[in-house]
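Since the structure comes first, as C-alpha cells, the remarks are kept for the end.
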Amino acid sequence: MAGKGQHTDTLLAQALGWLEETTGGVTPAIQPATTYVRDPAMPASEGLWYSRPDNPCYWQVEALLAELEHAEAAMVTGSGSASMAMVFEALHTGNHVLMPHYGYGGIHYLIGDMINAWGIEIDTYTTGDLDDMAAKLRPGVTKIVWVETPSNAELVIVDVERVAELAHEAGARVVVDATFAPPPIQRVLDQGADIVLHSATKFLNGHSDVVCGTIATRVKDDYWHRLDRMRMRSGAMLGPFEAWLLLRGLRTLHLRMEQAQRNAQKVAAFLDSHTGVTKVYYPGLPSHPTHTMAKRLMTGFGAMVSFEVDGDEAYALRVWGATKLIKNATSLGGPETLIEHRRSSDAYDSPVPVNQLRLSIGLEDGDDLIADLDAALAGRTSNRPMADATKMAQGLGWTSSDHKAVVLPLHLASTYATDPASYGKPYAYARDQNPTYEQPEALIAELEEGEQARLFGSGMAAASAVFQALKAGDHVVMQETLYWALRGLMASVVEGWGIEVTWFPTGDLDALQEAVRPGETRIVWLETPANPTMTVTDIAAATAIAREAGAVSVVDNTFATPLHCRPLTLGADIVMHSATKYLNGHSDIVAGVLIARETTPFWEHVCHIRHMTGAILGPFEAWLLMRGLRTLGLRVGRASENAMAIALHLEGHDGVAEVLYPGLSSFRGHNIAGSQMSGGFGGMLSIRIKGGEAGARKAWARFKLFKIASSLGGVESLVEHRATVEGPESPVPDDLLRLSVGVEHVDDLIADLEQALQKLG
Ligand SMILES: *Cc1c(COP(=O)(O)O)cnc(C)c1O
C-alpha cells in the first residue's frame, strides 16, 4: 500500500505498491472477462456485473491517477477525445461553454460535428486572454470554462488560478486539458480547476502505443457522477490491455519527463540562437511571454517546443521534411521526438502561422536532436551516428515497413505463406522466426557492441543453450559465486550430460589459470558483479586466460547491463542476460538473451539449438521487452544513482556490518570495477547486517517500501535474504540481505531502510 507522504517518483515507480491479491504479484493481472458471476442476493449497484462500466484493470491505474492529480477520483477512457466528449455529454441543452479560440485541433471537429447539434452553446475567448474570457462569462448559464495549458501550439501558460476565481464567481466549472504538462509538472486541481483531463496517449502512457484518455475531479460531486455514468452509457471505455499498458507506462513517467524536459530546454535554447529561426515558443525560455507564469504554476516547462522559421511555408515544409532522426508524425509525448507542421495537419481555418513547426521532444540524446535540426534548417540531412540514448528511445529509429508506424507490430502468426521458389525465406515457421524479435535483438546487439543477439524464453534457457552446444566429455570452468539457479542447472542437469565442471574462487585469476585445461576446456563462465556478494572479476584478464586455453568465454552481464559494462569489448565471446531483469525492467516478463561478439561456428550451433529445442520467447513478451528497452537508460541511470546514494548512506551505519557495492571506494573490487564499468555501478547491492542471521531475518521482515520478493532489475525496489532463498547448501553469508534498488525517490528508500535497520541487536 502507498504510504502517505511518499514522493511522486515513488508512487509512480511502484504504482502505489499494489500487489496482486491472490498471488502477491508485483504487476497486476490483465482481466479480459466481459462478465462476472454474481450472487442473486447482491444489490444491483454492488460488485462487478459487466466490463463496460468497470474492469479490475482500471482500479490501480485510476487510483494512481487520482493520487497523481490530487483528485478525489479519476477515470480512464477510450481516448482523449472520449474524455473531451464526455465532458459535454454530461451537460444539458441550453448550457453555455466557453472555449479558447485555439487549442487542440480535434476539439473543433467535435464541437462542429456533434456538440452544436446537442443544443449546447459555445463561445470562444482568445487563448490566455482572461479579460476576454471574463467578459463572455454568463453567470448562472455558463457551465464550463475550458482551458488548455500549455496551449497548442504556442505553449501559452494560462493562469488557472485566476480562471478558477472568475469562473467560480459565475457558477461555472473549470475544465483543464493538461495533456501538454502532466503531473507532477503541474497539478491544476490544486490551482482551482474542477476537472482535469488528458489525452493519456501522450506523456502519461508515453510509449506511442496506446490511445487512451483520463478524467479526474477535484470533488466527487453530481457532475462527476454523471461523467462516470457516461463511460458506461456511451461506452467510450478503455480496453483492459490498454489500461494495463497505461499503468506500465506510468511507472516511468517521472524519468521520462525529466529527460524530455532536459532535452526540450536544450533544443529551445539552440533554436533561439539559430539565425534561421525567428521565434521560439517554449515556456522555459525567459523570452516566452508567459515564462513567469510558468515558473509560478509549474515545476517544469514540459517537452513541447514550437518555432517559426525565417522563411515562407515552402521553407518550413522543407525543414519539416529534412529531419531524419526526428520523425515527421503527428501526436506527442512518446519516447521518440516528432516534428509537425500544424498548419497542414489542422486542415481547417487554423490561426497557426504557415512558417511554424511543432516539436514533441523525446528521450533521445539532446545533442543528436540538435544536430538533426541544425542540418534540416540548412537543408542538409545529418549523418551523425546515434548516441545510445537515441538508439534506446527510438528502438534504432525503425518504423514498420507497411504503415511507417513508430512502434513495430506484434506478430502472432505461427506460420507464413511462402513462395515455393524460395521456400521458408525470410520466414517459414514461428518457432524462432518471428519479426517481433528483430528490433529488440538488433538493439541489444548494438548496445552490447556485438554482431548478433538471440532472445530466449528465459535467462536460464539462454544459459542452457550454451551448455547444450557441448558434448559429453567436454570441460567447463565456472566461478563459485554466481546466480544460484545456474549452479543448480550444472549440478542437476548439465553434469548429467557428461560435462565436467570445475569451480574456481570468484575473481581469482590465478585459480582460473589453474582451472582451465588448454585444448580441453570449452567454456569459461563469468558473472560480474557476481550475485549476491557483488564480487568483481577483471573481464579482460579472465577472458584472455580463456582465449589462451581455447575456451569460449561467456559473461552474465545481467547485473551491470550494457549501460555500465560491455564485456564483448573487453574480450568476452558471448554475453548473456536474464532480460527478465533490467533489460525489460517492469517485472512483467521472463526472458533471456545471448549476444555474440562475432558469428562463429559455436555461435551458429547455439542458434541452431534455440531452433531445435524451442526455448523461445513468446511474441507478446518480445514486444513488451522492446517497449521496456526504450527506457532502459533512464531506469538504469536512476537505479544506479539511488544504489550509490544508499551504499554511501549505509556505510558505517549502526545496523550494518558491511556494504557490498562496487561503487564504494572501500569495496575490494572497486578499482577493477571502476576501470571496466562506466556511468555507474548498477542498482544491485548487498548489505551484511550486524546481529547475524537473526538480525538479517528480522530486518528483512520489516521492509515496507522495498517489496520482500525475489528477482531484480524492476522499477520497484526489492529485498531478499538470499541464504533463505537458496537453502542450506548456499554459500551466501546468512547475515546478508540483497537489495535490488528501483527508480523510486531515494529518500523514501532510505527511510524504509532506516526503519528496517533499527535496533537489530
Ligand atoms: C535472474 C538471473 C538469471 C536467470 O534468468 P531467468 O530469466 O530467471 O531465467 C541468470 N543470471 C542472473 C545474474 C540473474 O539475475
Side-chain angles (χ1 to χ4, degrees), residues 25-27 440 444 448 453-468 478-494 506-507 523 525-537 539 554-565 567 572 574-595 610 613-618 621-622 624-625 628-629 635-636 639 643 660 662 677 681-686 709-714 717-720 722 725-726 730-732 736 738-742:
V26 298
T27 306
I444 293 168
E448 288 285 3
R454 287 285 183 272
L455 296 177
F456 288 82
S458 66
M460 293 310 292
S464 296
V466 171
F467 299 112
Q468 282 163 344
M478 303 189 75
Q479 65 185 53
E480 279 170 0
T481 314
L482 82 178
Y483 181 70
W484 182 241
L486 212 56
R487 261 187 100 92
L489 176 77
M490 301 317 285
S492 64
V493 180
V494 176
T506 306
I523 302 285
W525 189 280
L526 307 166
E527 180 184 312
T528 180
N531 177 49
T533 55
M534 308 305 292
T535 309
V536 173
T537 299
I539 297 174
V554 184
V555 178
D556 182 339
N557 199 30
T558 301
F559 274 30
T561 83
L563 276 307
H564 293 319
C565 185
I574 294 177
V575 157
M576 173 247 160
H577 281 273
S578 167
T580 313
K581 316 295 166 58
Y582 290 101
L583 295 186
N584 179 59
H586 291 73
S587 305
D588 54 14
I589 69 163
V590 172
V593 63
L594 293 175
I595 308 100
R610 180 179 76 166
T613 62
I616 58 157
L617 190 62
E621 286 66 28
L624 282 175
L625 171 60
L629 285 166
R635 291 183 286 99
V636 170
L660 307 173
M677 297 176 83
F681 297 90
M684 296 300 297
L685 78 155
S686 293
S710 195
S711 198
L712 58 111
S717 297
L718 308 176
V719 58
E720 202 167 39
R722 286 300 303 173
V725 178
E726 296 183 8
S730 166
V732 174
L736 181 146
R738 188 188 74 181
L739 307 177
S740 169
V741 179

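From a predicted model like this one, the values you see are computed outputs, not experimental measurements. Every number for a ligand or one of its atoms is a count from 1 in the order of the listing.
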| request: Given side-chain contact (heavy atoms from CB on, under 4.5 Å), test Arg738 with Val725 step by step and report yes or no. | output: CA-CA 11 Å; Arg738 188 188 74 181; Val725 178; over 6 Å; no
| Stepwise, does the side-chain contact (heavy atoms from CB on, under 4.5 Å) test hold for Thr613 with Ser464? | CA-CA 10 Å; Thr613 62; Ser464 296; over 6 Å; no
| Should Thr558 and Tyr483 be marked as a side-chain contact (heavy atoms from CB on, under 4.5 Å) after you check the CA-CA gap, both sets of side-chain angles, and the distance that decides it? | CA-CA 10 Å; Thr558 301; Tyr483 181 70; over 6 Å; no
Between ligand 1 and the protein, give all atom pairs where both partners are nitrogen or oxygen and the distance is under 3.5 Å, as lines of names plus distance to 0.1 Å.
residue, atom, partner, partner atom, Å
ligand 1, 5 (O), Ser578, OG, 3.1
ligand 1, 7 (O), Gly459, N, 2.9
ligand 1, 7 (O), Ser578, OG, 2.7
ligand 1, 7 (O), Thr580, OG1, 2.7
ligand 1, 9 (O), Gly459, N, 2.9
ligand 1, 9 (O), Met460, N, 2.8
ligand 1, 11 (N), Asp556, OD2, 2.6
ligand 1, 15 (O), Lys581, NZ, 2.8

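Residues forming a side chain to side chain contact (heavy atoms under 4.5 Å, CB included) with Ser587 (at least two apart in sequence, or on another chain): Val26, Thr27, Glu716. Residues passing the ring pair (Phe, Tyr, Trp, His ring centres under 6.0 Å) test with Phe456, sequence neighbours excluded: none. By the side chain to side chain contact (heavy atoms under 4.5 Å, CB included) test, Ala572 is found to be paired with Thr543, Ser553, Val555, Pro567, Leu568, residues two or more places apart in sequence or in another chain being considered.
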